[in-house]
Amino acid sequence: MNIENLLRETLSDMADEERPPAPGRFLQVRERRPHRRGLALVAASAVAAMVVVSTVVVQGMSSRAPSDVAGHQNAVPRLVPERRPAITVTVAEGMRLSQLFKALSSLTGRPVAEFEKAAKDGMALGLPSYARGRLEGFAFPGTYEFAPTVSPGEILKAMVARFGPAAEDADLVDGARRAGRTPLEILTIASIVQAEAGRHEDMPKIARVIYNRLDRKMRLQMDSTVLYGLDKYEARAALKDLKSSSPYNTYRRFGLPPGPIGNPGENAIRAALKPASGSWLFYVSTDPKSGIAKFASSESEFAKLIERTRKPGAE
């Protein structure tokens, strides 16, 4: 039965008439028998609502004044899809997965555990083989927009998908081979550079410090790796932190940590692939507010830099 016939029967029953009038009569403003106009509009809204799924909002005309209806030739109920706002997520350069999962949980209402579970399925996420199934380092920084119904796996997969073109643009795989490193090692170095650098200009120099210390079989002694292993967020590692048995404690262990300590951006990746030329082995943040660092090639120079930073008004 179509809507017109249902209207006819409904109105006939209400008005107890032998022949129902045309539905068009009740969709126009007339001075006579105004109560039937209201009945017809209610019936029309009810019929329309029956054929609409639950995600659609029905806006009827019964709440409008007669003068409003008269000004519209198609004065019929309007079906307006109910829309939920999109989810916007920004992955900051250097952001850890532990931070990202908490932010995603807050935005989507899904438990952190669901994102942790999705992160373990490297094949479903499209991780490259050299990632060794580990997502950290491959959730590429940027701003993403998702539908409210998107799954945790789909969110993380989109971030990995954006990593792919960025890695190609930086020539990550071939560049790593030329540097005598694996792509994962380059990303690990890039993540340390990202965490340690206060500004982009110093990234290539910090990368050079890392390479120089690795080449000389020196411990990296990077606070950022220690804090990552302890899941702490501090400006510097405390003395007790330096005694931890974490594999990320580069004050106790030689070489690079097991993997990236965050998700580096393009500048950090390029710095890891093309470090600056220099003999530096140390650096000190002389101006934390502006992120400026000074570099030294010997312990004596390093000691002087530290002493200088302790003086009032030091740069």
Side-chain angles (χ1 to χ4, degrees), residues 90-101 115-116 118-142 144 155-198 200 202-215 219-229 231 246-250 253-276:
T90 297
V91 182
E93 294 181 339
M95 195 175 197
R96 300 179 190 174
L97 286 182
S98 59
Q99 294 172 298
L100 177 60
F101 292 164
F115 292 96
E116 293 174 338
K120 295 178 181 179
D121 193 346
M123 183 173 294
L125 296 180
L127 286 171
S129 58
Y130 55 80
R132 299 179 183 175
R134 191 167 180 267
L135 179 59
E136 190 79 88
F138 297 87
F140 198 72
Y144 301 81
I155 292 176
L156 300 180
K157 185 176 181 179
M159 296 174 183
V160 174
R162 189 174 291 186
F163 168 83
E168 290 183 8
D169 290 344
D171 197 21
L172 175 60
V173 175
D174 290 340
R177 185 177 63 252
R178 290 192 294 269
R181 298 285 174 180
T182 67
L184 185 61
E185 287 176 330
I186 293 295
L187 277 182
T188 302
I189 293 172
S191 69
I192 298 173
V193 169
Q194 186 76 70
E196 293 281 331
H200 291 159
D202 290 333
M203 286 184 173
K205 291 184 177 181
I206 293 176
R208 174 51 63 192
V209 170
I210 293 173
Y211 278 107
N212 287 345
R213 294 181 74 90
L214 290 173
D215 291 343
R219 294 182 179 89
L220 291 183
Q221 296 181 327
M222 302 286 182
D223 285 13
S224 57
T225 65
V226 177
L227 293 170
Y228 177 86
D231 195 26
S246 164
Y248 292 87
N249 187 350
T250 54
R253 297 175 180 269
F254 289 92
L256 291 169
I261 62 170
N263 295 280
E266 183 178 355
N267 288 312
I269 294 175
R270 293 186 182 279
L273 287 169
K274 297 180 180 180

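In this text the structure is predicted, and so the values were computed from the model without any measurement. The first residue in the sequence is number 1, and the count goes up from there.
With sequence neighbours excluded, no residue satisfies side chain to side chain donor-acceptor pair (under 3.5 Å) with Q99. Judged as a salt bridge (charged side-chain N to carboxylate O under 4.0 Å, His left out), and not counting sequence neighbours, the contacts of E266 are R270. Residues meeting the salt bridge (charged side-chain N to carboxylate O under 4.0 Å, His left out) test with D171, sequence neighbours left out: R178. With sequence neighbours excluded, the residues forming a side chain to side chain donor-acceptor pair (under 3.5 Å) with E196 are S224, Y283, listed by chain and number. With sequence neighbours excluded, the residues satisfying salt bridge (charged side-chain N to carboxylate O under 4.0 Å, His left out) with D202 are R199. Shown here are the side chain to side chain donor-acceptor pair (under 3.5 Å) partners of R213, two or more places apart in sequence or in another chain: Q221. Remark: D121 pairs with no residue by the side chain to side chain donor-acceptor pair (under 3.5 Å) rule, at least two apart or across chains. For D231, the salt bridge (charged side-chain N to carboxylate O under 4.0 Å, His left out) criterion is met by R96, not counting sequence neighbours. By the ring-ring contact (aromatic ring centres under 6.0 Å, His included) test, Y228 is found to be paired with Y248, residues two or more places apart in sequence or in another chain being considered. With sequence neighbours excluded, the residues forming a side-chain contact (heavy atoms from CB on, under 4.5 Å) with A272 are I186, I189, A190, listed by chain and number. F163 pairs by the ring-ring contact (aromatic ring centres under 6.0 Å, His included) definition with F138, not counting sequence neighbours.
In this structure, the separation between CZ on R134 and CG on L97 is 7.5 Å, given to the nearest 0.5 Å. Atoms CG and CZ, from L135 and F115 in turn, are 12.0 Å apart once rounded to the nearest 0.5 Å. Remark: L187 CG to I261 CD1 distance equals 12.0 Å, nearest 0.5 Å. Here the CD-OG distance, from E116 to S98, works out to 9.0 Å after rounding to the nearest 0.5 Å.
At distances below 3.5 Å, not a single donor-acceptor pair connects side-chain atoms of Q194 with backbone N or O atoms of G262. For T182 (side chain) and E185 (main-chain N/O), a donor-acceptor pair under 3.5 Å exists by modelled atom type. Without hydrogens or angle criteria, S191 side chain to P264 main chain gives no donor-acceptor distance under 3.5 Å. For the pair R208 (side chain) and A276 (backbone), a donor-acceptor distance under 3.5 Å is present.
Nearest heavy-atom pair, M95 versus T90, reported as atom, atom and distance to 0.1 Å: SD-O, 4.1 Å. Closest approach of V91 and M159 over heavy atoms only: CG2-CE, 3.7 Å. In terms of heavy-atom proximity, L220 sits nearest to P257 at CD1-CD, 4.5 Å. Summarising the geometry of I269 relative to A170, their closest heavy-atom pair is CG2-CB, 4.1 Å, with the distance given to 0.1 Å. Closest non-hydrogen pair, A271 versus A207, comes out as O-CB, 3.3 Å. Considering all non-hydrogen atoms of both residues, A176 and P183 come closest at CB-N, 3.7 Å.
Shown here is R219, whose CZ atom has more than 12 heavy atoms of other residues, nucleotides or ligands within 6.0 Å.
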### CA sep, side-chain torsions, deciding dist, call: V226, D223, side-chain contact (heavy atoms from CB on, under 4.5 Å)
CA-CA 5 Å; V226 177; D223 285 13; 5.6 Å; no

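P258 has its side chain within reach of P247: a pair of non-hydrogen atoms, C-beta onward, lies under 4.5 Å apart. Within the 4.5 Å cutoff, no side-chain heavy atoms of P275 are placed close to those of I210. The shortest distance between side-chain heavy atoms of L214 and F254 does not fall below 4.5 Å.
A donor atom on one side chain and an acceptor atom on the other are not found under 3.5 Å apart for N263 and E93.
Remark: of the listed residues N249, T250, T188, T250 is the sole one forming a side chain to side chain donor-acceptor pair (under 3.5 Å) with T225.
Counting only residues at least two apart or on different chains, no salt bridge (Lys or Arg N to Asp or Glu O under 4.0 Å) pair has a member in residues 157-170.
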